[in-house]
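First up is the structure itself, then whatever we jot down about it.
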Amino acid sequence: EPEILEDFNKLVQREDPDIITGYNIDGYDMPLLEERMKFNKVRFSIGRDYISPRRIMDQYWRLHGRVIDDTWWEVRKVLHPKHETLNYVSNMLLNEGKEDVNRLDIENEWKNRRDDVIKYCIKDARLALLIYRKIRILDRNLYLSTVSMLPLDDVTNGGTSTYVDSLLIRRADRENIGVPMSSSKFSNDTYAGGYVHTMDPGLYDMIVVLDFKSMYPSMIIKYNICFTTLSPEGTIVAPNGARFLDPGVKKGIIPDLLEQLMKNRDEVKKQMKEDKSNHDYLDGLQAAIKVLMNTFYGVLGTSFYRFTNREISSAITAYARNTITSIIADLDKSGNKVIYGDTDSIFIESGKKTLDEAIEYGNRLSSDISRKENLVLEFEKIMDPLFSHGAKKRYAGKIVYPPSSAGEILVRGYETRRTDSFDLQSEALSTVFDLILSRDVEGAKQYAEDLVKEVATGKIDTSKLVISRSVKNFSTYKNAGSMANVNAAKKLIDAGETFIPGMKVSWIVTDAGKTPQAVEPFIDGRKFTHTPDYVYYSKRLQETLNRVLESLDKEIAVFKNPQSKITDAFEEKPKKRDIEDFFK
DNA sequence: GACTGTGGCCGTGGTG
DNA sequence: CACCACGGCCAC
């Protein structure tokens, strides 16, 4: 073993990589190597200066001259996949899975089919590298590194507060402004955020969507919001009572920085149009600047950051709420029908019959309001139709404008978007949306009824019933024993599989009648030997589909006349039906 | 702890 | 049975 370990050190020094990656190397391979090196009294000398890697805050690894970047972790951050196993993710991205070796019986496998085990190990390492390249995370981090002026290691392993620190401390230093070392005190209280407009259920025609460009950064710039301008003598009075100095008296360093970033971004975007050969690089840069700009507001609201200030963060959100609600009120007053809005967006029923008319309407609203507010309210898209069952943060629509995304179906919030819904659920809802948005409500109902009935009889592929959710450290839960995800994780451990807190765990419900409901873990590559509770799944499917369909029960006439008032058609709330009614 | 925020939906289990 | 707290995930 010492020889193997020595050879590993030599291999790294010989290949001299900038980046070292693997699947869950932070939590598995690195600690294991460290432990075996220690046990065998071999120095773990893989740094560019031959120094050993060090674990920082029990999280990531620091290595001189190289960056250790865990593909598992990057996949979670970038993709939010339904399942996080190497096999699932590599099949999804590369159409290629792991080699078939029984890892629970690795000793015997090594004895009996050594070459296969070697192949298996190489394949695992290769898949991690291919995934790492495929998600282009290194590019993204390098762009962020460029615009935030940080070394790659800090961008890869640091939080967003690191980015803001980098820009803000440099700037403060240049202007002789003192900066706190760390947060003075931890605060638990919260403050109000964005405004969300309620939405009535229905199918809407020709919906114009307007969207503020960089809402929170714009508020900071427009009202000179900064810790350097917060003052009782300020003449700019925010809705929350906070006062800020006029930029003529003193320009804040945060608004100044953001204004600069916004200009830089516009400049990069301009170059992008002129210089097609550099498109990808410039696009990466402008996206990174956007990320950076949006980071400022968030860190001002944290409970522990050095620049935290609740007066400032709540001034930003209060200004944003005032801005959007007053615009919505004005629109309503002037006869425009606002049907929805969330934080920085406004959805308006245009009442137009043709696309051209609707486009003209959207452009006019956008330029009128932008001019009046001295902000940029962009005309983003038109959806026709747009569906809502009457809940905030959930809608589905067919995009008809801009032409680049015309025909696309856009879904927000619903089960089709959620990684904790089972495949049958998301696929069925997706079909229902397709039908509804093609204005075939009857077809959708028929499809839903047939499917719900079929599932109850057990005529369904087991793999479509897998539910997946993350599980934290068991001790963080008030009542861990009553939670399906925790119980699945415990059974996973019993089955000899690895469980790392924070990981997603998959299971199938086998008896929902019990309390807590009985679940069995679903393990990739192993045969599932239990019987799913088909009635439970049928019921959940019915809930999902019926929630959508019953909101359209009150007649399809609603979408035949775009001028009609949607609310009138839903005066009487349809009675909630149970599963028996659905079968009739 | 994978240290940027609030608003919101929904399934589950516990309580009276 | 109504109501509530919890927890996870998602829209901004």
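Since we're looking at a predicted model, the values are computed, not measured. Naming convention: chains lettered A, B, ... in sequence-line order (proteins, then strands); numbering from 1 in each chain.
Taking the C1' atoms as reference points, C:dC6 lies 24 Å from B:dT4, given to the whole Å. Comparing the C1' positions of C:dC12 and B:dG1 gives a spacing of 24 Å, expressed to the nearest Å.
Residue ring and nucleobase are not stacked for A:Tyr297 and B:dG5 under a centre distance beneath 5.5 angstrom and an angle between planes beneath 30°.
In the set B:dT4, B:dA2, B:dT6, the nucleotide with an atom closest to the side chain of A:Thr160 is B:dT4. Nearest to the side chain of A:Lys393, among B:dG11, B:dG8, B:dC9, sits B:dG8. For A:Arg394, taking side-chain heavy atoms from C-beta onward, the closest of the listed nucleotides B:dC9, B:dG1, B:dG14 is B:dC9. Closest contact between the side chain of A:Gln517 and the listed nucleotides C:dC10, B:dA2, B:dT12 involves B:dT12. In the set C:dA11, C:dC10, B:dT6, the nucleotide with an atom closest to the side chain of A:Tyr191 is B:dT6. Which of B:dG7, C:dC12, B:dG13 sits closest to the side chain of A:Asp342 comes down to C:dC12. Listed nucleotides: B:dG1, B:dG13, B:dG8. Nearest to the side chain of A:Ser482: B:dG13. Nearest nucleotide to the side chain of A:Tyr536, out of B:dG11, C:dG8, B:dA2: B:dG11. Of the candidate nucleotides B:dG7, B:dC3, B:dG13, B:dG7 has the atom lying nearest to any side-chain atom of A:Ala192. With distances taken from any side-chain atom of A:Met483 to the nucleotides C:dG7, B:dC9, B:dT6, the minimum falls on C:dG7.
No donor-acceptor pair under 3.5 Å is formed between the side chain of A:Lys398 and the backbone N or O of A:Asp434.
For the pair A:Glu84 CD and B:dA2 C1', the computed distance is 12 Å after rounding to whole Å. What separates OH of A:Tyr163 from C1' of B:dC3 is a distance of 13 Å, to the nearest Å. Rounded to whole Å, the distance from CG on A:Asn479 to P on B:dG14 is 6 Å. For the pair A:Phe422 CZ and B:dG11 P, the computed distance is 10 Å after rounding to whole Å.
Residue-level contact check: A:His197 touches neither bases nor backbone, having no heavy atom under 4.0 Å from any strand. When heavy atoms are screened at a 4.0 angstrom cut-off, A:Asn473 is found touching the sugar-phosphate backbone but no base atom. Counting non-hydrogen atoms under 4.0 angstrom, A:Ser161 reaches the backbone sugars and phosphates but no base. Across all strands shown, A:Tyr395 has heavy atoms under 4.0 Å from sugar-phosphate atoms exclusively, and none from any base. Backbone-only contact: A:Tyr477 has heavy atoms under 4.0 Å from sugar-phosphate atoms and none from a base. At a threshold of 4.0 angstrom between heavy atoms, the contacts of A:Ser345 with the nucleic acid are absent. If you check every strand for non-hydrogen atoms under 4.0 Å, A:Arg547 touches sugar and phosphate atoms only. Counting any heavy atom pair closer than 4.0 Å across all strands shown, A:Lys472 reaches sugar-phosphate atoms only and no base atom. Note on A:Asn485: only backbone sugar-phosphate atoms sit closer than 4.0 angstrom, heavy atoms only; bases stay farther off. Residue-level contact check: A:Asp26 touches the bases, meaning some heavy atom is under 4.0 Å from a base atom. At a threshold of 4.0 angstrom between heavy atoms, the contacts of A:Ser470 are confined to the sugar-phosphate backbone, with no base atom among them. Across all strands shown, A:Gly298 has heavy atoms under 4.0 Å from base atoms, whether or not it also approaches the sugar-phosphate.
Side chains of A:Val471 and A:Val486 form a contact here, defined as non-hydrogen atoms less than 4.5 Å apart.
Looking at A:Asp58, its side chain has no donor and acceptor atom pair within 3.5 Å of the base of B:dA2. Checked by distance alone, A:Arg418 brings a side-chain donor or acceptor within 3.5 Å of a matching partner on the base of C:dC9.
A distance of 6.0 Å or more separates the ring centres of A:Phe347 and A:His197. Aromatic ring centres of A:Tyr216 and A:Phe296 lie farther apart than the 6.0 Å criterion allows.
Between A:Phe474 and A:Phe499, the ring-plane angle classifies as parallel under the 30° and 60° cut-offs. The aromatic rings of A:Phe227 and A:Phe307 lie parallel to each other, with less than 30° between the two planes, well short of the 60° mark. In this structure, A:Phe422 and A:Tyr537 have perpendicular ring planes: the angle between them is above 60°, well past the 30° mark.
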